[in-house]
Amino acid sequence: RLEVFDLYSALPAPVAKEMAGLHEMWDTAMRHFRLAEWDRAWPLFHRYAARLPEDRAARYFLRRCKLRQREAVEAARAGD
């Protein structure tokens with residue numbers, strides 16, 4: 001299990017403020033991710049990462065969503 005948390009106080013003030021403003025988006029994206037709703041999680045992580053391009057956690061979850069989407073497509077093709 002991967003635990004992700006933010007230490008806002010360790011970040012430059014503008015970045016911490018931006019992250020705090022995106023907290024709801026992050027929570028929603030994570031909820032979709034945990035429910036394996038890759039097509040719903042990916043756009044939220046993408047928007048988040050566009051606003052905070054240095055956020056490595058967002059990039060990680062973007063990659064995971066894409067991987068899971070690709071796996072789902074391949075599984076569907078194999079089932080045909």
Side-chain angles (χ1 to χ4, degrees):
R1 180 180 162 141
L2 176 66
E3 301 252 352
V4 177
F5 61 93
D6 295 309
L7 296 173
Y8 294 119
S9 62
L11 300 170
V15 174
K17 183 177 180 182
E18 185 75 16
M19 285 181 97
L22 297 173
H23 185 73
E24 186 175 325
M25 183 188 306
W26 177 267
D27 286 347
T28 302
M30 288 301 296
R31 185 171 47 255
H32 290 306
F33 185 87
R34 288 185 189 110
L35 293 171
E37 297 173 345
W38 319 121
D39 292 337
R40 296 181 81 182
W42 188 88
L44 295 171
F45 285 125
H46 186 264
R47 284 179 30 215
Y48 185 97
R51 301 264 301 267
L52 290 165
E54 299 300 318
D55 190 309
R56 293 187 327 189
R59 292 194 319 263
Y60 169 83
F61 283 107
L62 275 170
R63 288 191 307 272
R64 297 301 299 172
C65 284
K66 277 300 189 192
L67 174 66
R68 298 298 184 193
Q69 286 172 326
R70 192 172 23 243
E71 289 172 349
V73 168
E74 291 170 5
R77 286 183 186 153
D80 289 342

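Because the structure is a prediction, the values reported are computed rather than measured.
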* Would Arg34 and Met30 satisfy side chain to side chain contact (heavy atoms under 4.5 Å, CB included), going step by step from the backbone distance to the final call? -> CA-CA 6 Å; Arg34 288 185 189 110; Met30 288 301 296; 3.6 Å; yes

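- In terms of heavy atoms, Met25 sits closest to Tyr48 at SD-N, 3.7 Å.
- Residue-environment remark: CZ (Arg40) stays at or below the threshold of 12 foreign heavy atoms within 6.0 Å.
- Between Glu74 and Arg77 there is no salt bridge, since no side-chain N of the basic residue sits under 4.0 Å from a carboxylate O of the acidic one.
- A cation-pi arrangement, defined by a distance under 6.0 Å to the six-membered ring centre and an angle within 45 degrees of its axis, is present between Lys66 and Trp42.
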* Asked: Would Glu71 and Leu67 satisfy side chain to side chain contact (heavy atoms under 4.5 Å, CB included), going step by step from the backbone distance to the final call?
  -> CA-CA 6 Å; Glu71 289 172 349; Leu67 174 66; 3.7 Å; yes

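- Ala41 meets the side-chain contact (heavy atoms from CB on, under 4.5 Å) test with His32, Phe33, Phe45, Cys65; sequence neighbours excluded.
- From Leu44, atom CG reaches atom CD of Glu24 across 10.5 Å, with rounding to the nearest 0.5 Å.
- The structure places OH of Tyr60 at 13.5 Å from CG of Asp55, a figure rounded to the nearest 0.5 Å.
- Arg64 has its side chain within reach of Arg68: a pair of non-hydrogen atoms, C-beta onward, lies under 4.5 Å apart.
- Judged by distance alone, the side chain of Arg59 and the main-chain N or O of Pro53 form a donor-acceptor pair under 3.5 Å.
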